[in-house]
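One structure is given here, and the rest of the page talks about it.
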Amino acid sequence: MNKYDSLNEAQREAVTTTEGPLLCLAGAGSGKTRMITHRIAYLIEECQVDPWNIMAITFTNKAAGEMRERVDQLVGMGSESIWVTTFHSSCVRILRRYIDRLGYDNRFTIYDTDDSMSVMKDICKSLQIDTKMLKERAILSAISTAKNENISCTEYAMGAQGDFQKQKISRAYTEYQDRLRKNNALDFDDLLMKTVELFTTCPEVLQAYQRRFQYIMVDEYQDTNTVQFMLIKQLAGSKHNLCVVGDDDQSIYKFRGANIRNILDFEQYFPEAKVVKLERNYRSTQNILNAANAVISNNRGRKEKQLWTEQEGGALLHFRQFDTAYEEAEFLADDICRKRRKGILDYGDCAVLYRTNAQSRLIEERLVVEGVPYLLVGGQNFYARREIKDILAYLKTIDNGQDDLAVRRIINVPKRGIGATTIVRIQEYAAAHDMSFFDALCEADRIDTIGRSAAKLKPFVLMIQALRTKLREGFHVDELIREVIDTTGYVRELEASDEEDARDRIGNIDELISKAVAYEDTHNESSLSEFLEEVALVAEVDNVNDDNRVLIMTLHSAKGLEFDHVYLAGMEDGVFPGSMAIYDDNPAELEEERRLAYVGITRAKKELTLTSAKQRMVRGETQYNDVSRFVREIPQELLDNRPLGTRSLNDYGSDGYEENSFGGRGFGSGFGKNSFESSSGGSSDSTGGMSAASFVERYEQQERERQGRTGAGEQSGRSGTGAADYRRRWQQGRVYGDNVFDLKKPKGNAGDSRLKEVYGIGNAVKTARPLFGAGSGIQTGASMSGTGGVDYGVGDRVRHMKYGDGTVLKLEKEPKDYKVTVSFDGAGTKIMYAGFAKLKKL
DNA sequence: CGTACTAGTCTTTTT
DNA sequence: GACTAGTACG
């Protein structure tokens with residue numbers, strides 16, 4: 001009767017296989033974390049392994065924290081000496097100790113994506129790279145890809161020979177590394193790569209860690225990239241006491257370098273490896289699992305497994321298709337409220353998941369209207385916000401002046417009258433004398449090119465120096481932040497500004513101070529450098545708390561989480577799977593999307609609801625999307641509503657559907673003609689589709705009414721004149737539902753070819769604009785009419801999506817917009833722009 | 001040097 | 001639609 005008896009057979013096998021390489025294929029919800037924590041306990045209790053010799057690596061701080069907690073509970077004494085961390089923080093810890101052996105200062109700073117971007121922009125300017133042809137983003141992503149494969153800039157240069165484009169990237173890569181080194185900075189990828197480099201060039205360091213980490217466990221192994229694999233291999237040394245746990249079906253981070261081969265080929269790398277599959281699911285109902293299994297079985301490159309559970313049956317999966325994304329959002333909020341009233345669920349049991357962050361806005365708006373408490377996960381990282389980055393840049397500059405980027409960020413924030421030209425001059429001076437930007441600032445009076453601006457620099461330098469003195473006097477991080485705010489007047493400036501989100505920004509700064517206090521409380525020997533470092537590696541998912549709130553987030557963020565009730569919104573071809581994946585020549589792209597769908601479905605414990613919209617605004621353009629192929633890949637008997645023949649125009653086009661599928665690649669089962677034939681009539685309600693004939697009938701009816709009302713020909717120059725014309729247009733993909741569309745003028749050549757493709761495919765994304773304005777049917781929610789009026793006046797009651805209800809105090813006409821002053825019942829008085837605030841009259 | 005307006009880009013996902 | 005970099009002007 002011990003703690004291992006509660007494990008199932010497969011789990012027990014994984015737990016007790018302690019020596020040699022072990023690949024544990026753990027399906028979703030199969031008790032993976034449980035297995036790992038028990039394995040750690042087993043190593044310590046049954047195999048007399050010193051906790052000191054155990055290492056568990058995860059990807060997110062949150063996962064690490066959870067594992068830490070569970071290990072502590074299970075193991076008790078001595079558990080604190082187990083390394084339970086993320087890849088990135090492990091590397092930081094190692095590099096802080098040894099990176100001087102690679103010629104870096106041990107007090108290096110860590111650059112986030114934004115920092116890298118600013119560096120790259122500079123580089124493109126100085127190397128005269130035409131960023132129209134080759135975007136900074138593209139260069140950075142090429143560099144990142146290279147780094148994830150452990151390709152240094154020197155190696156990259158060798159591979160770039162004969163390729164003009166690659167040579168440019170190569171030069172930028174070299175320069176980028178150079179600048180980072182000068183700034184004593186590492187980017188995220190460097191953390192891993194430099195650690196591998198350290199281990200390669202300093203075998204004695206590696207040996208020390210190998211001696212320490214005799215038992216290594218890696219969670220979410222399917223997300224590892226090549227460098228991470230190299231790192232693990234190095235650490236595992238010759239003993240290979242390496243246990244990797246993962247699920248190839250949940251590999252969804254290819255875009256950031258995850259190499260799915262790491263898991264698929266594990267047995268080739270370690271021929272002596274043992275493989276254990278955890279296929280019993282403790283999370284979801286059989287219906288949900290069947291759906292997940294069916295969808296994922298459409299992927300080719302995978303390790304075969306079938307999840308099963310003892311929870312027979314369960315509720316049918318729900319599917320709803322709506323006319324617009326607005327209605328979809330409305331349904332989501334309503335459904336949650338309704339089920340809550342019935343006592344089926346509480347807010348905290350639900351999550352709404354979507355493919356892209358952009359989709360969150362509508363859902364948020366609707367939840368606010370319905371008064372549903374929610375927590376948005378993701379979007380912009382807290383530490384990436386402008387005001388936070390500004391304050392952190394001050395702290396960095398105080399900590400050490402070596403980070404040019406940080407100094408340049410704050411030199412004129414708040415405004416000190418120091419302009420771009422002055423900054424360039426200082427930079428030139430710094431470069432010429434091979435010194436840091438801040439050091440150049442200190443001797444500003446010697447820079448003759450800046451003339452009278454030098455006087456403005458001095459107070460800045462003095463201020464930083466004064467703050468440094470405070471730091472040396474032992475100021476805590478939070479005190480230092482307050483000091484920065486005070487002396488710079490940062491918050492005062494925000495308070496005075498009429499920026500709409502000034503209050504939010506101040507709130508964020510308060511939040512930062514709280515985090516600093518919390519940091520001080522949890523660290524006996526706190527240091528500014530350490531605080532900055534912790535902060536650099538925090539991702540938003542790490543902050544998910546468990547209040548009773550509906551969580552809304554991307555599918556990516558949801559990995560590793562579970563909820564009783566899951567809503568997958570935006571189940572549309574073109575949204576999910578995204579059009580990028582659909583159009584890509586490489587079928588692997590679509591498989592990655594499908595894995596994402598698998599992840600989404602398997603988050604649900606009890607009920608799963610899939611929703612889609614026929615019409616949705618994407619990047620300012622209206623898209624018309626078919627139901628996601630992933631919905632169609634679910635066995636139809638598992639759904640309470642089937643995706644009926646939706647608007648697959650080619651189903652009725654003269655070419656027929658089959659020949660028109662994308663490049664001949666197959667769709668999942670049940671997709672295509674059959675879906676029409678199997679849809680018995682009578683259900684063309686909000687979830688159903690409509691036959692071509694009835695479309696035309698409806699059009700003819702409308703056309704008769706229109707002509708009778710306004711006289712013929714009013715719009716005929718653009719819209720065509722009759723049913724025959726309509727039918728023709730409809731078959732071309734230019735007519736949709738009640739509306740007639742004109743395909744938007746392609747921008748440039750790329751757009752042109754894309755559109756041709758759209759024509760050919762017919763049932764995917766159709767970028768279109770309504771010709772009959774009123775037909776678009778989209779409520780923007782804004783009270784501004786097109787020409788700049790508002791439908792409310794002074795004294796009226798209005799509603800704001802964030803601040804709630806309030807009374808309009810003042811209305812001022814500005815050239816382009818109205819400036820509205822509203823006294824909100826709960827949020828005080830705010831001045832905002834009408835077009836932006838989207839106030840709704842009550 | 002700072003502001004106000006314009007044009008272009010963006011969206012996949014993030015440690 | 002929203003944001004940002006770039007430009008023209010005060």
Side-chain angles (χ1 to χ4, degrees), chain A residues 57-64 85-92 110-114 117-118 121 124-125 131-132 135-137 141 144 147-148 187-192 220 223-225 227-228 251-258 353-362 377-381 383-384 386 412 415-423 452-453 456 536-542 553-559 570 574-582 584 589 592-593 595-596 599-600 616-623 747-748 750-751 778 780-782 814-816 835-836 838:
Chain A
I57 310 181
T58 63
F59 275 82
T60 64
N61 294 309
K62 179 165 189 276
T85 47
T86 65
F87 270 104
H88 292 268
S89 31
S90 303
C91 289
V92 173
I110 301 166
Y111 274 5
D112 68 13
T113 325
D114 282 359
M117 181 63 95
S118 348
K121 279 189 176 147
C124 287
K125 265 183 213 140
T131 52
K132 289 228 168 61
K135 293 183 185 69
E136 295 95 336
R137 185 183 282 268
S141 110
S144 180
K147 286 183 175 179
N148 287 329
D187 66 17
F188 285 132
D189 301 321
D190 284 337
L191 294 175
L192 303 161
E220 305 283 10
D223 291 331
T224 51
N225 61 36
V227 195
Q228 283 161 337
S251 165
I252 53 172
Y253 283 110
K254 182 161 149 264
F255 69 93
R256 68 172 198 223
L353 312 179
Y354 37 79
R355 180 64 235 269
T356 63
N357 275 312
Q359 289 165 257
S360 71
R361 221 196 78 234
L362 283 183
V377 180
Q380 206 193 15
N381 187 328
Y383 292 101
R386 190 175 70 205
N412 198 31
K415 301 225 158 41
R416 300 186 177 89
I418 300 166
T421 11
T422 311
I423 292 172
R452 60 206 175 286
S453 305
K456 293 176 185 161
L537 295 174
V538 178
E540 197 73 9
V541 222
D542 299 341
M553 65 185 120
T554 62
L555 287 149
H556 282 87
S557 306
K559 199 180 69 163
V575 174
F576 184 36
S579 45
M580 301 280 239
I582 294 175
D584 202 289
E589 295 294 317
E592 173 116 341
E593 297 277 309
R595 289 193 291 272
L596 199 51
V599 167
R616 157 183 323 271
M617 189 83 110
V618 178
R619 282 158 61 190
E621 286 171 345
T622 307
Q623 278 189 0
K747 296 178 198 160
I778 295 183
T780 58
E814 302 248 317
K816 275 226 149 172
F836 192 47
K838 294 184 176 161

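Protein chains get the first letters and strands the later ones, always in sequence-line order, with residue 1 at the start of each. Here the structure is a predicted model, which means the values were calculated and not measured.
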Requested in this report: Give A:K135 one of three labels, base, sugar-phosphate or nothing, depending on what nucleic acid heavy atoms sit under 4.0 Å from its own.
Outcome: sugar-phosphate
Query raised in the report: Hey, does the side chain of A:N357 come within less than 4.0 Å of B:dT14's phosphate (OP1/OP2), counting only N and O?
Result: yes
Query - Touch class at under 4.0 angstrom, heavy-atom based, for A:E593 against every strand present - result: base
Query raised in the report: For C:dA5, does either OP1 or OP2 sit under 4.0 Å from a side-chain N or O belonging to A:K121?
Result: yes
Query raised in the report: How are the rings of A:F255 and A:H556 set relative to one another: parallel (under 30°), tilted (30 to 60°) or perpendicular (over 60°)?
Result: perpendicular
Report task. Pick base, sugar-phosphate or nothing for A:G578, based on heavy-atom distances below 4.0 Å to the nucleic acid. Result -> nothing
Query raised in the report: Is A:T554 near enough to B:dT14 that one of its side-chain N or O atoms lies under 4.0 angstrom from OP1 or OP2?
Result: yes
Query raised in the report: Are the ring of A:F255 and the six-membered base ring of B:dT13 within the stacking cut-offs of under 5.5 Å and under 30°?
Result: yes
Query raised in the report: On a plain distance test, is the side chain of A:R256 in donor-acceptor contact with the base of B:dT13 below 3.5 Å?
Result: no
Requested in this report: Would you indicate what A:R595 reaches in the nucleic acid, counting non-hydrogen atoms under 4.0 angstrom: base, sugar-phosphate, or nothing?
Outcome: nothing
**Report entry** B:dC1 phosphate, OP1 or OP2, under 4.0 Å from A:T422 side-chain N/O
**Finding:** yes
Query raised in the report: Would one find a side-chain N or O of A:N412 under 4.0 angstrom from OP1 or OP2 of B:dG2?
Result: yes
